[in-house]
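As the structure is a computational prediction, the values presented were derived from the model and not from experiment. Order of the sequence lines sets the chain letters (A, B, ...), proteins ahead of strands, with each chain counted from 1.
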Protein chains: 2
Amino acid sequence: MAISRKTKTVKMILDLFGETNNAISIVDLVSIFRNKMNKTTVYRILNRLEESGILHSFSDKDGLKRYAKGNQKTDPDNKNDLHSHFLCDDCGVSTCLPLEIPIPTIPDYKINTSQHLLIGQCDNCHN
Amino acid sequence: MAISRKTKTVKMILDLFGETNNAISIVDLVSIFRNKMNKTTVYRILNRLEESGILHSFSDKDGLKRYAKGNQKTDPDNKNDLHSHFLCDDCGVSTCLPLEIPIPTIPDYKINTSQHLLIGQCDNCHN
DNA sequence: AATCTTAATGCTACTTAGTTGCATTAAGAT
DNA sequence: ATCTTAATGCAACTAAGTAGCATTAAGATT
């Protein structure tokens, strides 16, 4: 079920993602909005925003789901929006990287999509 | 704490990974051995086998931790064993792929390791 | 602008992944 | 055979994520 109503809670979440290109974990989002909305609501809004192509998600190193702005579709018809993500081991910040992920060919296999996570130190923590 | 004793339970898990190159989720492993050992024991043995470099792990699409044979170290000194993993959307099987992951350079960032998961249909499910 | 429909929310209770503490067991060294 | 302590089992816990259901509020309709 995609987004069909711009509720106050949806606006709050959209505003947050309007301000940052970072990939934010659900746990953090639930915490950020703990006084504003129920955690179930956070989960449901994120689901709908992802179905609508407004956000995309991936699992980070620890298996935590993270959401970030934009689409990540791989329809054969559509343009490939697949890109890499970065996760800082020190401060935990995660970002989308403008690195397109090439999809390799493997005999007898069909590859539909992929996830690529680079792990290390971000500019802030490295210097 | 690495492996120091070859207990019956450790042997059972080593035997299983001796037979397959697949990456198996902890949930499946707990289920496979539910009559043979406690789930806490499964978790602890997997931890130790990973620390010993006998197994390596990664998070799959759903954030589930999976384990497979072999090392995945990236010490600057050691040889880079980083490789891609594959996950079949249909049957759920997961394998290590002999695709080395190139580590890109990003200005001001330091990349230590990476995870690359290809998702699609395996040879069995595709044909 | 009052009414109506139903998408969306809040709340409670639940499921499942993963962890911790502690008493007991059993590798394997002495 | 004995001893040390790594490893296990068990129970109780934490945390991520989901489901059911009554209530609320977008926003369409009149």
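Residue contacts shown for Val27(B) are limited to sugar-phosphate atoms, with no base heavy atom under 4.0 Å away.
Distances from the side chain of Tyr43(A) to the nucleotides dT9(C), dA17(C), dT18(D) place dT18(D) closest. Across dT8(D), dT9(C), dT5(C), the shortest atom-to-atom separation from the side chain of Arg5(A) is found for dT5(C). With dG28(C), dA6(D), dA25(D) as the choices, the nucleotide that has an atom nearest any side-chain atom of Ser4(B) turns out to be dA6(D).
Toward the 5' end of DNA chain C, the nearer of the two residues Lys6(B) and Leu64(B), judged by each one's closest nucleotide, is Leu64(B). Nearest-nucleotide mapping onto DNA chain C: of Gly63(B) and Thr7(B), the residue sitting toward the 5' end is Gly63(B).
Following rounding to the nearest Å, Lys36(A) (NZ) and dA8(C) (C1') show an atom-to-atom distance of 19 Å. Between the C1' atom of dA17(C) and the CG atom of Asn47(B) lies a distance of 14 Å, rounded to the nearest Å. Rounded to an integer number of Å, the gap from CG of Asp62(B) to C1' of dG18(C) is 16 Å. Atom NZ in Lys8(A) sits about 7 Å away from atom P in dA25(D), given to the nearest Å. Separating the CE atom of Met12(B) from the P atom of dA27(C) is a distance of 11 Å, rounded to the nearest angstrom. We find that CD1 of Ile45(A) is positioned 16 Å from C1' of dG17(D), with the value rounded to whole Å. Summarising the geometry, the separation between CZ on Phe33(B) and C1' on dG9(D) is reported as 17 Å, rounded to the nearest angstrom. We find that CG of Leu46(A) is positioned 14 Å from P of dA8(C), with the value rounded to whole Å.
Contact annotation: the side chain of His83(B) approaches that of His56(B) to within less than 4.5 Å [non-hydrogen atoms, C-beta and beyond]. Counting heavy atoms from C-beta on, the side chains of Ile24(B) and Tyr67(B) never come closer than 4.5 Å. Using a 4.5 Å cut-off on side-chain heavy atoms (C-beta onward), Ile13(A) and Leu29(A) make no contact. Looking at heavy atoms from C-beta onward, Ile32(B) lies out of side-chain contact with Val42(B) at the 4.5 angstrom threshold.
A distance-only check finds a donor-acceptor pair linking the side chain of Ser59(B) to the backbone of Lys61(A) [under 3.5 Å]. One N or O on the side chain of Arg34(B) and one on the backbone of Ser31(B) form a donor-acceptor pair closer than 3.5 Å. Remark: the backbone N or O of Met37(A) is not paired with any side-chain donor or acceptor of Thr41(A) at under 3.5 angstrom. Formation of a donor-acceptor pair under 3.5 Å by the Lys69(A) side chain with backbone atoms of Phe17(A) is found in this model.
Classification of Lys65(A) and Asp62(B) as a salt-bridged pair fails, no side-chain N sitting under 4.0 Å from a carboxylate O. Salt-bridge annotation for Arg66(A) and Asp28(A): absent, with no side-chain N of the basic residue lying under 4.0 Å from a carboxylate O of the acidic one.
Stems are defined here as 3 or more consecutive Watson-Crick or G-U wobble pairs with pairing distances under 3.5 Å; those involving DNA chain C are C:1-30 with D:1-30.
In this structure, Asn22(B) and Ala68(B) approach most closely via the heavy-atom pair O-CB, 3.8 Å. Nearest heavy atoms, Lys36(B) versus Thr9(B): O-CG2, 4.4 Å.
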Atom pairs, N/O to N/O, protein against nucleotides 11-13 of chain C, distance under 3.5 Å?
none

Tabulate protein N/O versus nucleotide N/O from nucleotides 1-4 of chain C, keeping only pairs under 3.5 Å, one per line.
none

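Within the structure, a side-chain polar atom (N or O) of Thr41(B) is placed less than 4.0 Å from OP1 or OP2 of dG9(D).
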